[in-house]
Protein chains: 2
Amino acid sequence: MITTLTTTVIDRAFAALGDSVRLRIGCCLLMAPDGLCVCELVDVLGEPQPNVSRQLKLLKEAGLVTQRREGRWAYYALRQKDHPLLKPLTACIETACCCVDAQEDQRRLRARLALRRGGKCVVGIHPRKKKGGEARVRLPVVPG
Amino acid sequence: MITTLTTTVIDRAFAALGDSVRLRIGCCLLMAPDGLCVCELVDVLGEPQPNVSRQLKLLKEAGLVTQRREGRWAYYALRQKDHPLLKPLTACIETACCCVDAQEDQRRLRARLALRRGGKCVVGIHPRKKKGGEARVRLPVVPG
DNA sequence: TGATCATATTCTCAAAGTGGAATATGTGAA
DNA sequence: TTCACATATTCCACTTTGAGAATATGATCA
């Protein structure tokens with residue numbers, strides 16, 4: 001995807017991470033190499049869904065993140081290759097992960113990932129906050 | 001200077017490098033660990049002096065750059081310590097230095113550094129463009 | 001097909017960033 | 001003290017970004 005490496009490509013990558021929400025997304029994605037779906041990020045970050053989608057789109061346009069669809073869910077993951085900046089940038093994000101406030105996210109993310117079935121997200125946004133609580137979670141037919 | 005590491009500190013650092021001029025400044029400073037003065041950066045970048053001063057101030061406020069005065073000259077350097085993000089961030093800037101457009105800056109910087117005397121800047125802005133040319137450069141008393 | 005749900009987009013406007021132009025500050029030399 | 005010069009700041013018009021609110025899209029299931 002990224003063909004020629006120019007300073008413009010690079011400063012756009014920096015700008016993409018120069019926002020607290022997007023940096024926190026980066027930290028979360030670092031914990032889940034296979035990606036996270038939007039609703040998981042919404043729950044972890046406590047940000048409105050349209051905002052999370054927006055920021056993910058920005059990260060994707062900056063070439064830092066990839067997207068794949070699985071049924072109704074869209075999984076976003078940190079790009080692993082084709083971007084020469086990604087390795088050193090990942091090291092920067094790792095530093096961010098050590099921050100106290102980032103670790104709060106990590107705690108919530110671990111809790112959210114525990115709700116997965118077969119490695120996939122099977123619930124929507126705020127499962128614990130909606131009426132009916134756990135009973136609301138209707139598990140569809142999932143292999144594994 | 002940086003006491004507690006928070007994600008805010010880090011995304012401000014990213015945002016500081018998320019601009020083409022400031023990223024180019026970062027690349028230049030990487031070539032000169034002891035720092036560059038404002039007039040040198042003005043010549044290399046081809047940006048107006050007030051703009052260079054402004055961007056340097058921003059980099060300084062983001063904790064990425066230090067400043068010291070030597071007579072009329074102000075030297076800015078990449079911060080080396082007290083900022084846990086600096087090492088991985090430096091690796092990112094190094095990647096940026098490999099870009100074709102960044103190497104043009106590097107060529108100009110080498111030429112500009114050749115005008116130093118005793119490792120110090122002794123000329124102002126655009127020395128070759130002002131009337132009188134080389135003759136204008138009046139060397140003050142400089143040790144070495 | 002219609003309902004439901006996960007995700008994406010658009011509209012809007014306040015807030016922040018950007019950089020040119022003019023000017024101020026600070027330092028050293030005459 | 002005055003001048004010259006390197007650097008810093010302020011003012012201002014302009015552009016970009018940020019995010020709430022409402023709505024659209026797209027996929028699955030009944």
Side-chain angles (χ1 to χ4, degrees), chain A residues 11-12 14-23 25 35-43 45-62 65 67-76 112 115 120-127 130 132 136-142, chain B residues 11-12 14-23 35-43 45-62 65 67-76 112 115 120-127 130-132 136-142:
Chain A
D11 69 52
R12 281 192 65 193
F14 277 125
L17 290 172
D19 170 271
S20 65
V21 172
R22 292 193 296 270
L23 180 58
I25 289 178
L36 296 171
C37 68
V38 179
C39 63
E40 288 171 331
L41 284 167
V42 167
D43 271 6
L45 303 174
E47 285 288 316
Q49 177 267 317
N51 196 23
V52 172
S53 280
R54 199 167 17 213
Q55 309 295 358
L56 283 168
K57 184 184 179 186
L58 229 152
L59 286 167
K60 187 181 162 193
E61 288 171 347
V65 147
Q67 179 202 29
R68 73 174 191 276
R69 261 217 175 251
E70 291 197 12
R72 283 183 289 203
W73 286 267
Y75 287 86
Y76 289 84
R112 190 50 159 80
L115 297 178
K120 303 294 169 190
C121 177
V122 292
V123 299
I125 296 174
H126 296 311
K130 290 193 179 176
R136 195 195 67 91
V137 181
R138 296 165 306 157
L139 298 182
V141 184
V142 168
Chain B
D11 70 52
R12 280 192 65 193
F14 277 124
L17 290 173
D19 170 271
S20 65
V21 173
R22 293 193 296 270
L23 181 57
L36 295 171
C37 68
V38 179
C39 63
E40 288 171 331
L41 284 167
V42 168
D43 270 7
L45 303 174
E47 285 288 315
Q49 175 268 317
N51 195 23
V52 172
S53 280
R54 198 167 16 214
Q55 308 297 357
L56 283 167
K57 184 184 179 186
L58 231 152
L59 287 167
K60 186 181 162 192
E61 286 171 349
V65 147
Q67 180 202 28
R68 72 173 191 278
R69 261 214 175 252
E70 292 197 12
R72 282 182 289 200
W73 285 269
Y75 287 87
Y76 289 83
R112 189 53 157 80
L115 297 179
K120 301 297 170 189
C121 176
V122 292
V123 300
I125 296 174
H126 297 310
K130 288 192 180 175
K131 305 168 193 170
R136 196 195 65 93
V137 180
R138 295 166 308 156
L139 298 181
V141 184
V142 168

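When reading the values below, keep in mind they use all heavy atoms of this one structure, side chains included, and skip hydrogens, waters and symmetry mates.
Taking atom CH2 of Trp73(A) as the reference point, atom C1' of dA27(D) lies 10 Å away to the nearest angstrom. Following rounding to the nearest Å, Gln67(A) (CD) and dG26(D) (C1') show an atom-to-atom distance of 12 Å. Atom-to-atom, CG of Leu36(B) to P of dA6(D) comes out at 16 Å; the value is rounded to the nearest Å. Between the CD atom of Glu61(A) and the C1' atom of dT16(D) there is a distance of 14 Å, given to the nearest Å. If you take CG of Asp43(B) and P of dA6(D), they are 10 Å apart, rounded to a whole angstrom. In this structure, Arg68(B) places its CZ atom 12 Å from P of dT7(D), rounding to the nearest Å.
Within 4.0 Å of Glu70(B), counting heavy atoms only, lies no atom of the nucleic acid at all. The residue Glu40(B) sits apart from the nucleic acid: no heavy atom pair falls under 4.0 Å. Using a 4.0 Å heavy-atom cutoff across all strands shown, Cys37(B) reaches sugar-phosphate atoms only and no base atom.
Of the listed nucleotides (dT7(D), dG26(D), dG26(C)), dT7(D) has the atom at the smallest distance from the side chain of Ile125(B). Among the nucleotides dC5(D), dT7(C), dA8(D), the one closest to any side-chain atom of Arg72(B) is dC5(D).
Legend: residues meeting ring-ring contact (aromatic ring centres under 6.0 Å, His included) with Phe14(A), ordered by chain and number and at least two apart, are Phe14(B). With sequence neighbours excluded, the residues satisfying side chain to side chain contact (heavy atoms under 4.5 Å, CB included) with Ser20(B) are Asp11(A). In this structure Gln55(B) satisfies the side chain to side chain donor-acceptor pair (under 3.5 Å) test together with Arg22(B), Asn51(B), sequence neighbours excluded. With sequence neighbours excluded, the residues that form a salt bridge (Lys or Arg N to Asp or Glu O under 4.0 Å) with Arg68(B) are Glu70(B). Among residues two or more places apart in sequence or in another chain, the side chain to side chain donor-acceptor pair (under 3.5 Å) test is passed with Glu61(B) by none.
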Per-nucleotide protein contact string for nucleotides 9-19 of chain C (B base, S sugar-phosphate only, - none; heavy atom under 4.0 Å): BB-------SB

Worked verdict on Leu41(A) versus Glu47(A) for side-chain contact (heavy atoms from CB on, under 4.5 Å): CA-CA 8 Å; Leu41(A) 284 167; Glu47(A) 285 288 316; over 6 Å; no

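At distances below 3.5 Å, not a single donor-acceptor pair connects side-chain atoms of Tyr75(A) with backbone N or O atoms of Lys120(A).
Remark: Tyr76(A) is not in phosphate contact with dA6(C), judged by side-chain N or O atoms under 4.0 Å from OP1 or OP2.
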